[in-house]
Amino acid sequence: MRTRLQDPVFARRVRGVISAFENYMSQKDTWAGHHAQQLISRPVAYFTAEYGFHETLPISAGGLGILSGDHARSASDLGLGLVGISLFYREGYFQQMISRENWQTEYYTPLRPASLPLDPVLDESGERLVCQVEVNLSEIYFQAWRVNVGRCPVYLLDANRPENEQFHRDLTLHVYGGDTSTRIMQEMLLGVGGVRLLRVLKVEPSLYHMNEGHVAFLALELIREKLAAGLSFQEALARTKRQCVFTTHTPVEAGHDRFSPDLVKYALQRFQPQVTPSFEDLMALGRVDPSNDQEPFCMTVLALKTSRAANAVSELHGQVSRNMWHVLYPDRPVDEVPIGHITNGIHLMGWMKGPVRSFWRNKLGPHWDRDIHSPSFWERMLDPEFVTDEEIWALRYRLRRALIEFTRRRFWIRNMTFGDITSMDRLLNPDALTIGFARRFATYKRAPLVFEDYDTIVRLATDPVRPVQFIFSGKAHPADSEGKRGIQKILHLSKYSELRGRLVFIENYDVHIARQMVSGCDVWLNNPRRPLEASGTSGQKVICNGGLNLSILDGWWREAYDGTNGFAIGDDSRPSSVAEQDRIDNINLMKVLSERVIPCFYDRDERGIPHNWISMIRRSMATMLPKFTTWRMVQEYVLKYYLPGTHQVSSIEKDK
Ligand SMILES: *Cc1c(COP(=O)(O)O)cnc(C)c1O
C-alpha cells in the first residue's frame, strides 16, 4: 500500500475518497435533523440476526441480511441515530463448492478480524469489554466488534472468549448454525446480550427495532430490568411494549423459530425466574394459546406480544401476515389485526454500478447525485433529449459485456480443475438477451421453473436470430436437499444439454457476484410460489442499472408493476393446488418470454437499437427508483413507527 501511494495518480484517488468521506461524515444538514431530532440524541437500536455489508464480511445468509445492511447505510445517509446489534459469526455463512456429481458441498473459512474493518470494543481501561448472559446452567461471556457504517455504529457480539468452554465459544461460529438448541442459545446471546452491551456502552435507545423474530429475547431483558427496578410484571410488560417495534419478514413456516417447552425450560432455566413469576407465564408470551401446554414457544408470537407496532414488508405480505396472525387477535376482524406494512427497498447508490455512476457524472457534473432520491430526477429519464436511446443502449452493452467477461473468468478458474473447459468465447454471447436469476435456492423460489418445459426453453434459447441465455447463482441451505437438487439440475443442463454455452451457474453466490449480475443482466427473473415472497429486493437492484424485471406478481413487484415498466408472469389469480400453480406459472412464463420479452428485445431499428425496450427501461427507472429504496423505507419507518406518538396501538394499551 505504502509503495502504491507513491504513485501520484493512485495517491490522488485515495485523497479524493478520503475527502469525500470526510465531507459526508461532517454534513450537518440532514433529513433527520429536520424530521427526527429526537432520534439523533437517543438512537434506535436495530437488532438483527444477520448483516450484509460487503463480500469481505460474509455474515449474511441472504436477503434479510442485505436489507439490514442497506437499512443501516440509509440511516447513516439520513443522519438518523441508529445503533445496530448482531452477532459476529467468525466463520460466517458457508462457502459453496460444487462436486463432480454437481452436488453442493459446504466449507467454512475463518474470518480474520484484524484484516477487516472491525474494531474491538474496549472498556475504560483499554481492555476488551466482556459481558455475559446466563444460558442453560452457565454464564456465557461475550466480547463485541464495532463496524462503522458511515455515521451508524453496528456492534457484533462474539462468544469466542477464553472464559467459555469450547461448545459455548462456538455459538457464534456459523450464521444460523447447529440445531435448535444452538439456535435458542444464539438468540439468547443476541437479544439479551445486545441489550446488556448497550447498557455498558451507555447508549440509551429511544426504541428497539426487532428485525424478524430471532432477536425477540431482547424484550425479556427489557422486562427483567424493569422488574429489578421494582415494577410489577404487568407494568414491566406494558412499558416494554411501548419501547419495541417488530418487522416480520416471511410467511414461510420454517422462517418462524419455534422451540419446544422442554428446550425453553432448559435454555432459560436461570434467566426465566428473573423475568416472569412462573415458567408458564414465560411460555404464554410465546404461545398463541397460553393454556395449551403442548404448544411450542414461537419467537414471532413473542415479538408480536412485546411490541407496540408490527409491520410486514410489502402490501400483499401485510394482508398475508394479518391472516396468518389473526389467531392472536380473535376479537378483531382480519383487517384490524395490528400488522401494517412498509415495503422493502435497497440502498440505491450502493447497488448502482461504477459505469452507471460515471455515466451520470459525465452528464451532470460532480454533484450529480444530490437529488437522486427525488421523483423529478428520474422523471427526466422519460425525455429522449435528456438521455438518448443510443446512450442508454451503449451503457447497457457495456454492462452486459462486463458481466459476461466476469462470468467467463469465474467459470474458467473454477472448472480448470475438472478439465471441463468450454472454449471461452463459446460461453455466452455479449449480444444475446441475458436473463439472470440469483438468490437463495429455497424451494418456494423455484429456481428451475423456467426449465420445466424443456423443449420450449431450448427452442427459445437456441433461436439463431433471437438467442436467449441464462446466468444463475445461489446457495441452498446445507440441510435442504430439494434446493440442492435444483442446483444439480441447472448444472446438468448447463453441461450436458442443448443449453450448453447458453446457461451458466456461477458457484458460491455472494454480494460481489450479486453486484455483477444485477448490473449486467437485461432481465431479472423471479418466479416464487405466490404469496411466499414477502418482498424480495434483488429485482430492485437491477432497475438503476437499466435491467428489467420479469416476475410473478408477488412481494414488492405486485405494487410496482404498472404494465409499462417491466414484465409480469400471470396475474392475481389463486390456483387450487401447488402442482397446479407450478404448471400454470410455467405456462405463463413461457408465454410472456416468447410473446413479449424476446420480441421486444429484438425489435431493432436499422442501427440495431431496440427503441421499445429502451422506453421500458425509461419507464422502469422513472416509476420505481424514487420508491423502492431504503432512503424512502427508513423515512417511512421513522414517520410511522419510530417517532414517539406514531402508530398508537389499541385503546387498552393507551389506558395504562
Ligand atoms: C439482494 C440480495 C438477496 C435478496 O434476493 P431476493 O431475490 O430478494 O431473495 C440475496 N442475496 C444477496 C447476496 C443479495 O444481494
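In listed order, ligands and their atoms are each counted from 1.
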(request) Do me a favour and list the nearest non-hydrogen protein atom to atom 9 (O) of ligand 1 with residue, atom name and distance? (result) Lys445 NZ, 2.7 Å
(message) Could you tell me if Tyr561 and Ser551 have a donor-acceptor pair between their side chains, going purely by distance under 3.5 Å?
(response) no
(request) Answer yes if the side chains of Glu91 and His174 hold a donor-acceptor pair under 3.5 Å, and no otherwise. (result) yes
(message) Can you name the atoms of ligand 1, numbered from 1 with element, that are less than 4.0 Å from a heavy atom of Lys541?
(response) 1 (C), 2 (C), 3 (C), 14 (C), 15 (O)
(message) Suppose we measure from atom 13 (C) of ligand 1 to each protein heavy atom; which comes out shortest, and what is that distance?
(response) Tyr509 CE2, 3.7 Å
(request) Please verify whether a non-hydrogen atom of Arg515 lies at under 4.0 Å from ligand 1. (result) no
(request) Distance to 0.1 Å, residue and atom name: give those for the protein heavy atom nearest to atom 5 (O) of ligand 1. (result) Ser538 CB, 3.5 Å
(request) For the residue pair Trp360 and Asp369, confirm or rule out a side-chain donor-acceptor distance under 3.5 Å. (result) no
(message) Quick check on Trp351 - does any of its heavy atoms sit under 4.0 Å from an atom of ligand 1?
(response) yes
(request) Output the list of atoms in ligand 1 that are nearer than 4.0 Å to some heavy atom of Gly536, sorted by atom number. (result) 8 (O)
(request) For salt bridge (Lys or Arg N to Asp or Glu O under 4.0 Å), just list the numbers for Lys627 and Glu559, CA-CA rounded to whole Å, side-chain angles, deciding distance to a tenth of an Å, and then say yes or no. (result) CA-CA 11 Å; Lys627 285 185 208 151; Glu559 58 206 82; over 6 Å; no
(request) Validate the cation-pi geometry between Arg439 and Phe437: distance from NZ or CZ to the six-membered ring centre under 6.0 Å, angle to the ring axis within 45°. (result) yes
(request) Would you check if there is a donor-acceptor pair between the side chains of Asn508 and Gln95 at a distance under 3.5 Å? (result) yes
